[in-house]
Amino acid sequence: MRESFSYKDNVLGVEAEKGWTSILELIPDSEVPTYVYNLKTIKSRIDAYKSSLSKLKTQIHYAVKSNGSAEVLKCFQSEGTCADVVSQGEFKRALDCGFKGSQIIFSGVAKSRKDILFAIENDAYQINIESLAELRRVCEISKSIDKEARVGFRVNPDIPVDTHPYITTGFRENKFGIGLDQVRKAVKILKESESLVKLTGISAHIGSQIMDVDPLVDSAKALKRLAKELEGQGFKLESIDVGGGVGVDYQSHDESLDIQMIKNYGKKLEELFSDFDGTIVLEPGRSLVGRSGILIAKVEYIKNNGFKDFIIVNTGMHHLMRPSLYKAYHSIVPVRKTGENLEKNFDIVGPICESSDVLGFDRVMEEPKEGDFLAILDAGAYGMTMANEYNLHKLPNEVFV
Ligand code: LLP
């Protein structure tokens with residue numbers, strides 16, 4: 001059941017290491033929507049990945065893009081994980097939060113010369129190469145400053161997955177990685193460059209919010225085959241990076257299922273790579289932080305337009321883009337249950353001047369009053385990181401427990 005956030009005397013609170021605290025006590029300003037995080041949830045997910053992979057040499061590189069708040073990063077750093085970043089901004093934030101450059105993987109299709117220089121100068125663990133042109137650029141920069149650069153070939157294994165089309169990444173239609181049949185060309189570029197660029201690993205990421213581990217394992221198998229081929233060509237890889245983690249079942253309140261899925265995936269990787277003597281790298285984001293955060297909204301109005309009932313709240317697509325962008329489902333619950341009012345069917349909508357600004361369609365819930373608070377659950381991943389100030393609204397506050 002729900003572990004990260006739970007009700008006591010009909011009030012929602014955070015179940016943290018020091019006991020239970022009411023959400024109502026945690027909100028610094030009731031007029032500003034607030035993300036509340038439970039850091040204990042994150043630790044339990046890190047433990048699940050670690051314990052299921054205990055027989056392998058593994059490195060968890062937390063995907064900073066899923067939640068880049070400094071407190072969250074410091075939590076990961078103190079738990080001994082590494083980081084995966086996709087911009088110089090994320091790289092700098094990770095350094096500021098205590099990660100060493102040598103613990104950071106730099107992914108992303110559009111790295112500028114300055115980004116690459118920054119990564120090399122900061123001894124990045126690995127720059128994941130997304131195109132042949134990028135590889136040429138890294139060779140050139142490494143040569144020009146006479147400094148070693150550690151690169152990984154990010155390949156696109158062409159594996160379709162059952163997730164929203166905007167978040168598949170390892171299908172041939174997608175912009176990410178180099179095709180498996182381009183690896184030979186990449187090797188040639190590397191050999192001919194006579195630079196200090198070292199191929200330290202290979203990686204793949206096929207998409208996010210994947211609820212079936214089989215395609216993830218298929219992608220890992222493709223990487224294992226590629227590692228063998230490269231070994232035949234004289235490249236001894238230090239690591240294989242299998243990409244992001246598993247998804248989160250947003251429809252379910254049973255958090256133990258998340259842990260089971262993480263462990264199931266971990267065990268399959270452990271079996272698959274039992275004969276690999278390098279490091280297995282994972283870059284999970286959502287499965288580590290998704291359940292850890294909720295977004296608290298204040299009810300501004302209850303509205304019936306003669307056709308439909310709406311709950312209008314002070315947060316929306318600008319603070320949590322996922323429902324509008326991917327038609328993603330997030331449970332929405334009252335912070336205080338009264339049991340006094342009738343249940344009705346509402347669309348829960350925000351203040352933005354667009355009809356796409358709907359946080360939840362057709363939600364059956366007890367009718368709240370103006371000034372009551374609602375909690376939008378499972379918003380710890382890709383929530384605050386994707387928030388913006390559209391319509392010049394303020395960004396939400398953040399509270400960490
Ligand atoms: N590594 C790479 C190279 C990635 O592109 C991603 C996510 C991850 C790791 C982390 O994947 P995860 O473990 O979180 O599934 N904004 C979207 C998700 C976009 C994910 C993009 N890449 C959403 O809100 O669903």
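Source: prediction; values computed, not measured. Heavy atoms only: backbone and side chains are in, while hydrogens, waters and symmetry mates are out. Read the numbers this way: they start at 1 and go in the same order the structure lists the ligands and their atoms.
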Looking only at protein heavy atoms, which one is nearest to atom 9 (C) of ligand 1, and how far off is it? E283 O, 3.1 Å
Which ligand 1 atoms are under 4.0 Å away from a heavy-atom of M386? 16 (N)
Residue K267 excluded, over 12 heavy atoms near NZ under 6.0 Å: yes
Check this for me: does any side-chain nitrogen of one of E31 and K298 sit under 4.0 Å from a carboxylate oxygen of the other? yes
Which of R363, K308, K303 passes salt bridge (charged side-chain N to carboxylate O under 4.0 Å, His left out) with D347? Answer is K308
Heavy-atom contact under 4.0 Å between R154 and ligand 1? yes
Any N or O on G245 sitting closer than 3.5 Å to an N or O of ligand 1? yes
Does ligand 1 have any atom that is closer than 4.0 Å to a heavy atom of P284? yes
The atoms of ligand 1 lying under 4.0 Å from a heavy atom of I167, numbered in the order shown, are 17 (C), 18 (C), 19 (C), 25 (O)
Of all the atoms in ligand 1, which lie at a distance below 4.0 Å from a heavy atom belonging to R286? 12 (P), 13 (O), 14 (O), 18 (C), 23 (C), 25 (O)
Heavy-atom nearest neighbour in the protein, as seen from atom 24 (O) of ligand 1, with distance rounded to 0.1 Å: R322 NE, 2.6 Å
Salt bridge flag under 4.0 Å for residues K40 and E15: no
The closest protein heavy-atom partner of atom 14 (O) of ligand 1 is Y382 OH, 2.6 Å
Just which atoms of ligand 1 are under 4.0 Å from any heavy atom in G285? 12 (P), 13 (O), 14 (O)
For ligand 1, which atoms have a heavy atom of S208 less than 4.0 angstrom away? 11 (O), 12 (P), 14 (O), 15 (O), 20 (C)
Which residue owns the protein heavy atom closest to atom 16 (N) of ligand 1, what's the atom, and how far is it? Y326 OH, 2.8 Å
To which protein heavy atom is atom 8 (C) of ligand 1 closest, and what is the distance rounded to 0.1 Å? H205 CE1, 3.3 Å
Determine the minimum heavy-atom distance between D212 and P215, stating which atoms define it. O-CD, 3.1 Å
The answer for which part of I210 has a heavy atom under 4.0 Å from ligand 1 is neither
Please find the pair of heavy atoms, one from A149 and one from V138, that lie closest to each other, and give the distance. CB-CG1, 3.9 Å
D115 and R137 ion-paired at < 4.0 Å: no
Check ion pair E366-R336 (N to O, under 4.0 angstrom): no
Should the ring pair H164 and Y166 be called parallel, tilted or perpendicular, given that the plane angle runs from 0 to 90° and is split at 30 and 60? perpendicular
Protein contact to atom 4 (C) of ligand 1 [nearest heavy atom, distance to 0.1 Å]: K65 NZ, 3.1 Å
Where do D378 and Y250 come nearest, in terms of heavy atoms and distance? O-CE2, 3.3 Å
